[in-house]
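Report on the following structure.
Side-chain atoms are counted along with the backbone in the values below, which use heavy atoms only and exclude waters and symmetry mates. The sequence lines fix the lettering, A, B, ..., with proteins before strands; numbering per chain opens at 1.
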Amino acid sequence: MTIALSFHDVAKAFGPVQVLHGVSFALQPGRIYGLLGENGAGKSTLMKIAAGYEMPSGGELHIDGRPVHFSGSRAAEAEGIVLIHQEFNLAEDLTVAQNIFLGHEKKRGWLLDDAAMREGAAVVLRQVGLDVDPDTKVRQLIVAEKQLVEIAKALARKARLLIMDEPTATLTPGETERLFQLMAQLKSSGVTIVYISHKLDEVERITDEVIVMRDGRFVARDATAKLSRQQMANLMVGRELSDLFPPKRSIVLADSAPLLEVQHLTVPGWAEDVSFEVRAGEILGFAGLVGAGRTELFEGLLGLRPHRAERVGIAGRAVHIGSPRDAARHGLTYLSEDRKGKGLHIAFGMTENLTLMDLARYARPWLRRGAERAALKAAVAEFGIRTGSLSLRASSLSGGNQQKLALAKVLQPQPRVVVLDEPTRGVDVGAKRDIYFLIHKLAADGCSVVVISSELMELIGLCHRVAVMRNGRLQTTLAADQLTEEALIAHATGTH
Amino acid sequence: QADKVNLGVAIPAATHSFTAGIVFWANQAKKDLEKAHPGLKVTVKTASGAPEQANQLQDLLTATKINTLVIFPFESAALTKPVAQAKAKGVYVTVVDRGLTDTSAQDAYVSGDNTAFGRIPAEYLAKAMNGKGNIVALRGIPTTIDNERMDAFNAVMKKHPDIKLLDAKPGNWNRDDAFKVMQDYLTRFKQIDAVWAADDDMAVGVLKAIEQAKRKDIKIVFGGAGMKQMVKTLMDGNNPLIQANVSYSPKFMYDAIKLTAEARIKGEKLPPNTIIPSVLITKENAKDFYFPDSPF
Amino acid sequence: MQPARTESGAAAGTASGWAGRSWERLHGFGPVLGLVLLCIAGTLLNSEFASLDNAMNVLTRTAFIGIIAVGMCFVIISGGIDLSVGSMAALIAGCVILLMNALAPRGWAPVAIVAAGMVFALLLGAAFGLAHGLLITRGRIEPFIVTLGTLGIFRACLTYFADGGAITLDNALADVYSPVYYASLLGVPIPVWVFAVVAIAGGVILNRTAFGRYVQAIGSNEQVARYAAVNVDHVKVWTYMLLGICVGMATLLYVPRLGSASPTTGLLWELEAIAAVIVGGTALRGGAGSIAGTVIGAVLLSVISNILNLTNIISVYLNAAVQGLVIIVVAFTQRRRP
Amino acid sequence: MQPARTESGAAAGTASGWAGRSWERLHGFGPVLGLVLLCIAGTLLNSEFASLDNAMNVLTRTAFIGIIAVGMCFVIISGGIDLSVGSMAALIAGCVILLMNALAPRGWAPVAIVAAGMVFALLLGAAFGLAHGLLITRGRIEPFIVTLGTLGIFRACLTYFADGGAITLDNALADVYSPVYYASLLGVPIPVWVFAVVAIAGGVILNRTAFGRYVQAIGSNEQVARYAAVNVDHVKVWTYMLLGICVGMATLLYVPRLGSASPTTGLLWELEAIAAVIVGGTALRGGAGSIAGTVIGAVLLSVISNILNLTNIISVYLNAAVQGLVIIVVAFTQRRRP
Ligand SMILES: Nc1ncnc2c1ncn2[C@@H]1O[C@H](COP(=O)(O)OP(=O)(O)OP(=O)(O)O)[C@@H](O)[C@H]1O
Ligand SMILES: Nc1ncnc2c1ncn2[C@@H]1O[C@H](COP(=O)(O)OP(=O)(O)OP(=O)(O)O)[C@@H](O)[C@H]1O
Ligand SMILES: [Mg+2]
Ligand SMILES: [Mg+2]
């Protein structure tokens, strides 16, 4: 049942770019390891090698002391190594159950045993706490639900070594809690777990030992208990990090006019009768559990879902928003939580992604490539996008760097109102801090910022006010002095 | 003589039996004539559409450098201008079957007789049916020739008010389409006395459909163009439905090439119009129209 | 492509849930609805339309395209396309007839010859499909290009073999073979039986076997399928082989009908087969689709031309316009949700 | 049609990075290479092939399909398809000729009539494209279905107007109009100039304007484009209108060449235009593509048939087979990376 995996001088290069430089460390069975590192440090790449999705360009893997060479993920799975990808790998046209058993179908003779698979799927779904019918098409799930399906899919594989690449990036505390219980159970039955996350509080809580990587190299490992969050962060970036959250801007001008007003917005099936307003210079947070309808509320506002509203006003004028295009024209942009599906053209270069929302500026009438490239250089510097070359496709960026690019993209048109759905999803601690500074600077420049986040600490540290949603309704709006984790959770779960 | 005859032949590609016959006879002419006249060069090009044929004309002129052209135009109107251009460059042009809209673009015209192709079956059917009864017809792909044939057929039928033409739908000179159309005619009309299939390919499909439905009311199926299998059937007399046919042999392609080549070698001109008549084929004269080597 | 979550899932127990669900149900019935309306129209226009004979005629002639469309459905769901099926059918028909004619003078029993011809048709179809599959997966060439190329090659070979004319089956053999098309079993013509069996087999393979599941997964997201350790190339090659076998099967039924193959045989069948699949609700980009829909799509297309043949309300020149219009209208009834 | 490119994309690969890049460079040149090889073969087979006259002939006749292919390239990159272009060209040609013939007896100057006809062609093309675009975006119907439907409708309407025969341009007008096809400017025929202008304009629009970028973005991932405030429906409608205008433009050059329109005009042009685009290296599933490749693809296709016309080495029946083979081989030289 147990497995001991070790890396010996594992190296990996993509073309001329050396991503991993001889990484060596060993994993003992039955423990939970936290794998830490800045965005682009090579965590995902190393784990893809471990699970047979990528071939190392140098070095070896050993299992229980014998060298192994995986020809593909199937070979790694045969050894009991299962990876939950950072980016979802689900076939959208298939159902939840079909995805969970894809490649491992249960059969009765020649035919598929759908009943057994549906049952098996229901079991693992229950384990991860996802309440959807196994026959639902994955296309119909929201991002957090897809993440849970990914986890359920790995559970169905009977892993001995389970690698989780940022499983909680889109989960709210409730689901995360449930996941931790599950991890504890697995651990007690002898499963080794590698847990990659940028949420250091979680790493601190759940892991036994921490392994830190920097720039494709192994840097340090130590028992979690011996390290503080600050120390972990310092190890990752290789220098002293000061306080994580920038100091909150004291107080919003009480009489500054609301820049975005929303009255009685209903998105049928998702959000009921929600009203709120954001003033210039204000950062408004949105808290809620998975399924509270925050994402859908704003997708409705942007005209991406059927919706009705009594009044939507921007800068005091009533506006009609039928599409993101209308919204952009009024100076409102939206960062989607679904990076791969809605946020970036992963087959495009970084430049094309960055300038897509603001092409008018570069087209006079012909696109000026030079100006576009200059904009990319500026964004790379400002958002700390770490990449070997500026001509990479978005798909070649690490997860966190993709997120930074997506954020840079929606800020390109210099919006007056910006809605950020999970803005720091998968972003490392150092860069997170930079993004917080940036959001503050936006607000200081007179923007209205809406932040939807599953990280309560982020909302508390960042926002002037936080709106809490539950079951599609706005429960309450908490002012800065009322913001505590307990209060937010109480309102979000309806137990206050 | 000073300039050798370099003869280009432009014809439609073999997309159904009749055009296959055209291609066969053109190649046959090439073989025979090149053997008979060592100085003669014949180049055969087949096209699957009017623009392609116009392209081939260009290529024959610029690259093959022909001085004589025998063309079976894919379409009359569309090829008029390209042929006129060829003639303007001094090429001697014989047009076969489908006359150009501007006859000054050609030196000679050798044609089949599309009017007779429609008239003869009409007259034959009228007589065989004693001037009364129900007819269904199958038409070809919508084209000018098809219109000519149908008009000629209708003109005769006007004189026989007791014969009812129940319907005329396109079977596209194609066995499969004809089979389906005939099946549906049989479903729709309970009494049909005769079928004008307007092409032997279509007649094949029609016969199968009738056979399948086991209908006895139909006395005659009149095809057209004298496909070898049909002429054979007529000769052998082994299908009572097949009593006559009308000739429209693709062999006129052979004749046209031969006449043109020989006239040019002798430095003569062809008569401006040569019409190869369409005649009624019956059991008696069938063997004159039977060419077992031709694909048609 | 639509951002909307079509809430059929049990997940969304909301007000719009019900409306959504019944729409979803209706949506699947788009082609059925179209077919029913067409049949009503047909009956009103000509009472013969509703006769059993006519129904059998229509189903029988649908069989060719229908069987091919079932195979095509797999190819399209897997994200591929095959433009060559019409030419392939023609070439197979030609080769089979040539083989049978060649065997005839050798003194084999006619039944044995016909059987040999039938096996040969299936083998040829599978071989052509294999060639397509290998060119597409190993050769890494777009399916559109590969099959556009073979579309020309197959038809040219047939024309060459036929010397431009028709290849005709020996009369004695034709008599032995013709029941395969013309005979009936329990009042239902053989081709309809074959069509039914192929459709059911297709449905079972698509929905009840691992292979079918992989076909859908590959069409939905090839990368995901690869990550799930599905042998993508293998599965793709098999979809083309299945289609090839279906074409072979259709040819088996076609040859006894007219006993000949000519350069016009199978012309534009590819368009009809693809249209049947798409009208039946399968998306051209792949990922999902249904065999039942495909069957209905195929029947629908032949019902349209049947009705046009049975009536005389508009100029024959406009037949194609009516067909086009009906196709668009049927597709409209099953369009994607807003 | 192929699902998502492998995640690792261009930069993927291992130590073979360099090899990868030079392959990538070579890859773009696939069609060029094919074209060069073909030209060498052509010259060896017939020295006339390399003459200026022949080159101009080939380019001139490529112009129709080439111009349409440029428009088609936009549609395909945006993830759509248009099967109706051949019928559309035929119908536009018919309508334009009817209009010009109708104006002739009214005493307009012939030049004015020809000009009116040309404007009408472009307007009709734009209108048809608009109809396609609206049916596809507003009506939410698959492009394949919409244009399959209009394929039938357009051709049926032409057949109806032509009463099954041909619509022929008045002789006096034909003489005034014919220089548009037959005249040359600086030794280069007018159609070649038009083709060049259209191709350059197409390239500029695709690569150097916001619209072109949006077209690529939509084809690559429609959802992401929508979220990025791209007016997806608007852009899609415009791609179809652009294509319609290109078809109108091609018709402008076609009418003076043959002076008539008939039910066989423009038959299978859609296949040729799509083939030119795909042979030129654009993926059928959309997202990326090149106008230069498309132009080369179109030229390549007509060079093949030109060479076949200039030589006499194989049976005419096999022409289509040679074309098919060459298309596959060219595609193979530019196949996707392993
Ligand atoms: N296919 C590829 N081609 C080129 N470079 C790549 C490719 N895949 C990854 N990289 C590069 O490898 C580096 C490591 O990426 P990796 O995804 O392993 O980072 P990570 O540690 O998981 O980061 P994150 O925390 O952001 O997920 C990055 O610089 C990335 O740009
Ligand atoms: N009004 C409602 N009634 C019943 N179920 C609802 C309602 N609103 C949302 N849900 C359920 O919640 C889920 C949708 O969640 P939604 O996308 O709204 O979450 P979210 O707040 O955006 O989550 P996240 O914070 O992770 O982005 C679905 O499972 C849906 O069934
Ligand atoms: Mg990562
Ligand atoms: Mg959300």
Side-chain angles (χ1 to χ4, degrees), chain B residues 8-15 20 23-24 26-27 30 41-65 73-85 98 101-102 104 139-148 150-151 170 295, chain D residues 42 46-58 60-62 64-65 86 93 97 155-156 158-160 162-169 171 174-175 178 181-182 254 256-269 302 305-312 315-317 319-320:
Chain B
V9 178
I11 49 178
T15 51
V23 177
F24 170 82
N27 280 316
K30 172 182 160 74
K41 189 174 159 222
V42 179
T43 312
V44 179
K45 291 293 163 204
T46 65
S48 51
E52 193 184 344
Q53 196 167 44
N55 291 345
Q56 288 174 345
L57 277 191
Q58 265 185 342
D59 291 340
L60 286 171
L61 285 174
T62 47
T64 318
K65 304 213 185 312
F74 208 93
E75 260 172 48
S76 311
L79 267 304
T80 299
K81 222 167 223 336
V83 172
Q85 283 211 323
R98 297 173 198 174
T101 46
D102 175 8
S104 68
R139 309 186 52 165
I141 296 171
T143 42
T144 345
I145 345 171
D146 186 59
N147 285 353
E148 266 176 54
M150 195 70 216
D151 291 345
Chain D
N46 186 330
S47 57
E48 288 300 327
F49 174 81
S51 69
L52 188 69
D53 264 7
N54 188 55
M56 283 305 151
N57 278 347
V58 171
T60 311
R61 67 180 73 146
T62 310
F64 311 129
I65 295 295
I97 295 175
R155 196 166 292 285
L158 172 70
T159 314
Y160 184 73
D163 219 1
I167 304 179
T168 307
L169 185 60
N171 252 329
D175 290 341
S178 74
Y181 183 80
Y182 291 105
Y254 178 83
R257 179 175 194 199
L258 301 183
S260 76
S262 75
T264 53
T265 301
L267 221 53
L268 294 187
W269 281 11
S302 46
S305 66
N306 178 244
I307 293 180
L308 288 171
N309 282 343
L310 295 187
T311 55
N312 242 343
S315 159
V316 290
Y317 297 136
N319 276 359

_Spacing of NZ belonging to K81(B) relative to CG belonging to L169(D), to within rounding of 0.5 Å_ = 8.5 Å
_Part of A54(B) lying under 4.5 Å from any heavy atom of chain D_ = both
_Between L79(B), I141(B), N27(B), V23(B), who has the most heavy-atom pairs with chain D when the cutoff is under 4.5 Å?_
V23(B)
*Pick from N57(D), L310(D), T168(D): which one has the most heavy-atom pairs with chain B under 4.5 Å?*
N57(D)
*Among the options S262(D), A166(D), G259(D), pick out the one with the most heavy-atom pairs lying under 4.5 Å from chain B.*
S262(D)
*Do K65(B) and E48(D) sit within salt-bridge range, that is, some charged N less than 4.0 Å from a carboxylate O?*
yes
*With K45(B), which residues qualify under salt bridge (charged side-chain N to carboxylate O under 4.0 Å, His left out), at least two apart?*
none
*Interatomic distance, S305(D) atom OG to Q56(B) atom CD [nearest 0.5 angstrom]*: 8.0 Å
*asked:* Counting only heavy atoms not in Y160(D) (residues, nucleotides, ligands), do more than 12 fall under 6.0 Å from its OH?
replied: no
_Heavy-atom pairs under 4.5 Å with chain D: which of Q85(B), R139(B), E52(B) has the most?_
Q85(B)
*To the nearest 0.5 angstrom, please state how far the OG1 atom of T64(B) sits from the CG atom of N46(D).*
6.5 Å
_With a 4.5 angstrom heavy-atom cut-off, is it the side chain or the backbone of Q58(B) that approaches chain D, or both, or neither?_
both
*From L268(D) CG over to S48(B) OG, what is the distance, rounded to the nearest 0.5 angstrom?*
7.5 Å
*Residues in side-chain contact (heavy atoms from CB on, under 4.5 Å) with D53(D), at least two apart?*
T62(B), S51(D)
*For N147(B), is it the side chain, the backbone, both or neither that has a heavy atom under 4.5 Å from a heavy atom of chain D?*
side chain
*Identify which part of E148(B) has an atom lying under 4.5 Å from any heavy atom of chain D, answering side chain, backbone, both or neither.*
neither
*When heavy-atom pairs shorter than 4.5 Å are enumerated against chain B, which of N54(D), T264(D), T60(D), T265(D) gives the highest number?*
T264(D)
*asked:* With a 4.5 angstrom heavy-atom cut-off, is it the side chain or the backbone of A320(D) that approaches chain B, or both, or neither?
replied: neither
*If you count heavy-atom pairs under 4.5 Å with chain B, which of F64(D), F49(D), Y182(D) comes out on top?*
Y182(D)
*Test D59(B) against every option in N309(D), L308(D), I307(D) by the side chain to side chain contact (heavy atoms under 4.5 Å, CB included) rule and name the one that passes.*
N309(D)
*chain D contacts, top residue of L61(B), T46(B), D102(B), V44(B) (heavy-atom pairs, under 4.5 Å)*: T46(B)
*Looking at P170(B), A20(B), P82(B), P51(B), which makes the most heavy-atom pairs under 4.5 Å with chain D?*
P51(B)
